[in-house]
Each structure stands twice: as structure tokens, then as C-alpha cells.
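Written below as C-alpha cells is the structure these notes are about.
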Amino acid sequence: MKTLYSQLPAIDSLLRDPALQPLLAQTGTAFTTHQLRAMQQEAREHIQQHQTLPAWHANWPQEALRRAARQQQSALRPVFNLTGTVLHTNLGRAQLSDRAIEAVVNCLRQPVTLEYALDEAARGHRDNAVSALLCELTGAEAACIVNNNAAAVLLMLAALAPGREVIVSRGELVEIGGAFRIPDVMRQAGCTLVEVGTTNRTHLKDYRAAIAENSGLLMKVHTSNYQIQGFTHAVTEAELVELGEAYQLPVITDLGSGSLIDMTGFGLPAEPMPQQLIAAGVSLVSFSGDKLLGGPQAGIIIGKKALIEQLQSHPLKRALRVDKMTLAALEATLQLYRQPETLREVLPTLRLLTRSSQDILQQAERVLPPLAQRYSADFSLAIAACSSQIGSGSLPVERIPSYAITFTPRDGRGSHLNHLSQRWRSLARPVIGRIQEGKLWLDLRCLDDETALIQALVA
Ligand SMILES: *Cc1c(COP(=O)(O)O)cnc(C)c1O
């Protein structure tokens, strides 16, 4: 044992080792020393537990370089999203358009008029540019931008109905993954939730009966990640607006995804559009920037000027406001919507969602042969029809026809699939598929660079 410990090299001598000089030049003495100390500690623990030296003892500089390379990788690694979910929350949702990316880079390199009105050489408001665009595109009177749609809902409730009752249908008490649940957000905002109707059916008279002295808002929540089917009834926004007007109660809607264009025009399932709700008279509508809109993470609130002003002057707005990168990306994304006929080409989210299954099949036929050559000893590969989904709770039950390359272990053992997917996840650019029905599926809907994928999987 003692002799094993004494074989561990001293940090000083390692730092003088010519093989370590490139690492020292690249990362400095402090980082390298820290790295070597950690290795020394690990080696001691290894000796204590196994009474042997760790395998990497044979080449300390090489191991230090390997570890440093791994530690310097970004925690946000680009991946191949072959899960079949286009707006994958865990993979960063929308891929931004080139215009949005350029806008972000631009606003990072030099000072910008974030809160500066050039006409008056005075203080402007950071939401102004984007607000004007949103009003132009949706017909709303004003807009307010916050960090995400969850923040938008919180701000609407906290600013408009603190200490008051908010009336919501039982069928719309949504949970959106993580800790976002309508009843909890209500509590956080200091509002009292008043549930009306039943899970499957809520009528206008239910809302009317619940209106009382302390009512503050009528609220609709888009049931974006589930669907209640069968014997159902929900009150439309327009009906609710009429009721709200009679009792002077604003109607707010959490739309979740929302789409500024008619998705059916692109052969996709219908999704409610914020501008329709504004036209129906809803006071405030909130939706996400990085769902179907195809922009950066943001919460967008549009609606009546007087109410938006209340949001803008609430202290929470300061805590939830977005930075210049988000505003730049959002502005550039919204500008693309001025020209809906080119949207499919310039907005990656829409391009990926509208790729024809024929196009994906042809790509699968090109990608299959090189992969088969590499993997067919252990797996049988095939092209199979599959269904992509939009993701992020948008249009949950709708599926878009697509094609996948499937890998089935020749000996039928599922452990091979886990092993394979694990190996692909450890690649320089990880490949993320899904395991289902005893196969590993690579849905090619979101595959932009097939050459890079082949290279990654065949190397
Ligand atoms: C997605 C969603 C949210 C949360 O939006 P984020 O932008 O992810 O914060 C809230 N409500 C509904 C109905 C949603 O679909």
C-alpha cells in the first residue's frame, strides 16, 4: 500500500512535464494545479479501495488533458434532436431564425438603444419596439414582455387581482410540467382561485353564479397539454367577454403557445391565435415566445392599454423583465411575421414542423446505407413510419407523420439499446433518439445536417 502511494507523481514535477505544457498555456497554472490535485485525491481513494493504482496512472498528462477538455465543454452542448419532438423543452425549444441570431449578436457587440428614446435623447421603455410590432401584428392596444409565459401569468394575476377572486373553469386548472400549476400560481400572486363548473363541462351560468363582491378577474387557460373529449362544454372567450362587460370584470387568457399565423394553412392542426382573442374582446392574452412563435424564451402579454400600464408599473415587472438579447431576438422574429408567405423558409420551427414526410423518407433512404454498414453486425436497421409531435404542450394529441431509422438488436436484448443510446449521448455532438417497442428510433424530422450525423455515428 505505502509503495503504491509513493508512486503517485508530485504536482510540481507534473507541472514541469513537457506533455503538460500545452494545457498550462491554454488554461493557466491555477486550473491545471486544481485538476492535478483532484486527480491525486482520486488516485489515493482508488488505492485505498482497490489496493491498485488507477488505470490512467500510466499517463497522467494525457488523463489531465482529457479531463480538462471535458470540463471545458459547454454545459449547453449542441445535439442532434432526433426525438421526434420539435419544440423539445429539455433541448431548448425553438431554434431561432438567422435574423434573430444576427440581431442578438449585434446587440451584444455594441451599445444599443435599449431604454433610450433617440427623438428626445431621453429615457425610453425597453418594451417599446417589440410592443409596437405586436400591436401591428395582433391589433392589440399595448404589450408587455417578461421572462416566460409562467411569469406573464403571475404578473397578470398579481397586478390585476391581488387579494381578489379569480374565476376559472375546473376543466382548465392546468399543470405545465415543473411547478407551474394554475392553483399554485394563483396563491403566489395573492389571488383566491374560484373554480367553477366541472372537469368536462362548464357553462356561462357557472361563471355568472360565481361573480361576487370580491371578484377581480375572469380567466381562461388554454388546456395546451391535454384534451378533454366526449361529453364536454366550454365557454368561449367571446361569451366570457360579454359577461365580464356586464360586471366590469376583465377577462384574461393564458394561451400557452398561441400562433400568430393560421397553422391549418400549413397543413398543421389548428391552434388558437392571440389576435382572434383580442378581436373577441379579451382584455389580456399571454403566450410564450419560444413555442410555436419560434422565438426566444419570453412571455408576451398583449391587450388593453390601461391594464398593460398596470402591469408595467407593478414592482414584479422589474423582477421579470427581459434583457436586450431576448428583446433583439423577439423583435427580429416578429418582423418575419410581416411577411407570412416567406415564414416557412426563414423560421426554423415552422420549417421543421412543415417538412413533408416524403422529404423525410428520402433523407432516411440516404442516411440508412452508411449507418447499416457500420451497425448491422449487432442491429437490424430499417426505415419506419412514425409520428413526430410539436412539443411544449402545443397541440398535444396531434401527430405529424414522419419517418425514422430504427435499430433492433439482433439478439433481442434491450440492454444493447440502452448501451447504444448511452454511447450516442457521449458523442462530441450527442445524438438523442428514443427507445420504444424494443427499438431505438431516430426520427429524422429535425435533422438539418445529415452529413454531420453520418460522420458522428459512423466514426
Ligand atoms: C407552456 C405554457 C405555460 C408556460 O409557458 P413558459 O413560456 O414555458 O413559461 C403556461 N401556460 C400554458 C397554458 C402553457 O401551455
Side-chain angles (χ1 to χ4, degrees), residues 81 86-89 91-109 112-114 126-140 142-149 152 255-279 285-302 322-356 359 390-392 394-395 400 445-446 448-449:
N81 172 13
V86 178
L87 294 170
H88 200 302
T89 298
L91 300 179
R93 292 198 185 157
Q95 288 167 239
L96 295 204
S97 65
D98 289 340
R99 283 272 290 281
I101 294 163
E102 281 160 27
V104 172
V105 172
N106 235 355
C107 85
L108 291 179
R109 282 203 202 284
V112 290
T113 52
L114 175 65
R126 66 173 58 212
D127 290 356
N128 275 352
V130 172
S131 299
L133 252 170
L134 279 163
C135 293
E136 174 193 321
L137 293 167
T138 64
C144 171
I145 313 299
V146 287
N147 234 319
N148 51 30
N149 188 40
L255 204 49
S257 185
S259 172
L260 290 179
I261 44 159
D262 180 3
M263 299 299 274
T264 60
F266 295 92
L268 291 165
E271 174 78 16
M273 297 162 70
Q275 56 267 51
Q276 290 170 338
L277 301 189
I278 293 297
V285 180
S286 79
F287 54 103
S288 291
D290 55 354
K291 292 186 180 173
L292 282 173
L293 188 76
Q297 179 189 303
I300 299 167
I301 309 167
I302 56 172
V322 296
D323 74 333
K324 60 186 175 181
M325 290 189 272
T326 303
L327 287 168
L330 190 55
E331 182 186 32
T333 304
L334 289 168
Q335 277 170 347
L336 301 175
Y337 280 83
R338 282 176 163 157
Q339 225 181 327
E341 63 278 13
T342 60
L343 213 49
R344 241 201 105 233
E345 294 148 48
V346 293
L347 198 65
T349 300
L350 197 60
R351 178 169 51 75
L352 296 174
L353 286 173
T354 56
R355 266 190 85 188
S356 73
D359 182 41
I390 296 176
S392 287
S394 308
L395 309 160
I400 330 171
R445 172 165 296 280
C446 297
D448 272 325
D449 189 346

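Keep in mind it's a predicted model, so treat the numbers as computed, not measured.
At a threshold of 4.5 Å between non-hydrogen side-chain atoms, the residues Leu330 and Ile300 count as touching. A 4.5 Å side-chain heavy-atom check between Ile390 and Ile400 finds at least one atom pair inside the cut-off. Counting only heavy atoms from C-beta outward, the side chains of Leu96 and Leu347 never approach each other to under 4.5 Å. Contact of the Leu353 side chain with the Met263 side chain is registered, since non-hydrogen atoms from C-beta on lie closer than 4.5 Å. Residues Leu277 and Leu255 have side chains in contact (heavy-atom distance under 4.5 Å, counting atoms from C-beta outward). The shortest distance between side-chain heavy atoms of Gln297 and Val322 does not fall below 4.5 Å. Counting heavy atoms from C-beta outward, Thr333 and Arg99 have side chains that stay 4.5 Å or more apart. Residues Leu352 and Gln95 form a side-chain contact, since some pair of their non-hydrogen atoms from C-beta on lies under 4.5 Å apart.
Smallest separation of non-hydrogen atoms from Thr349 and Ala94: OG1-CB, 3.5 Å. Here the closest heavy-atom approach between residue Ala103 and residue Ala332 is recorded as CB-CB, 3.9 Å. For the residue pair Ser131 and Ala143, the shortest heavy atom distance occurs at OG-O, 3.3 Å.
How far CD1 of Ile261 is from CZ of Arg344: 10.5 Å, rounded to the nearest 0.5 Å. To the nearest 0.5 angstrom, Asn128 atom CG is 11.0 Å from Glu331 atom CD. One finds the CG atom of Asp127 at 5.5 Å from the CD1 atom of Ile145 (value rounded to the nearest 0.5 Å). Within the model, atoms CG of Leu87 and CG of Asp290 stand 8.0 Å from one another, a figure rounded to the nearest 0.5 Å. Rounded to the nearest 0.5 angstrom, Ile302 CD1 and Phe287 CZ are separated by 5.0 Å. A distance of 6.5 Å separates OG of Ser286 from CD1 of Ile301, quoted to the nearest 0.5 Å.
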Next on the checklist: Could you go through Val346 and Asp98, starting from their C-alpha distance and side-chain angles, then the distance that decides it, and tell me whether this counts as side-chain contact (heavy atoms from CB on, under 4.5 Å)?
Outcome noted: CA-CA 8 Å; Val346 293; Asp98 289 340; over 6 Å; no

Item to check | Test log, rule side-chain contact (heavy atoms from CB on, under 4.5 Å), inputs Asp448 and Arg351 | outcome: CA-CA 11 Å; Asp448 272 325; Arg351 178 169 51 75; 2.9 Å; yes

Checklist entry - Does the side-chain contact (heavy atoms from CB on, under 4.5 Å) test come out yes or no for Leu343 and Leu336, once each step is laid out? => result CA-CA 6 Å; Leu343 213 49; Leu336 301 175; 3.8 Å; yes

Checklist entry - Between Lys324 and Arg126, does a side-chain contact (heavy atoms from CB on, under 4.5 Å) hold up when you go through it step by step? => result CA-CA 8 Å; Lys324 60 186 175 181; Arg126 66 173 58 212; over 6 Å; no

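A donor-acceptor pair under 3.5 Å is absent between the side-chain atoms of Arg93 and the main chain of Val86, judged by distance alone. One N or O on the side chain of Arg355 and one on the backbone of Arg445 form a donor-acceptor pair closer than 3.5 Å. Of the possible polar contacts, one joining the Tyr337 side chain to the Leu293 backbone as a donor-acceptor pair under 3.5 Å is found. Without hydrogens or angle criteria, Ser288 side chain to Lys291 main chain gives no donor-acceptor distance under 3.5 Å. Of the possible donor and acceptor atoms, one in the side chain of Gln275 sits under 3.5 Å from a partner among the backbone N and O of Leu260.
For the residue pair Asp323 and Thr326, a side-chain donor N or O sits within less than 3.5 Å of a side-chain acceptor on the partner.
Every residue two or more places apart in sequence or in another chain that forms a side chain to side chain contact (heavy atoms under 4.5 Å, CB included) with Asp262 is listed here: Thr264, Met273.
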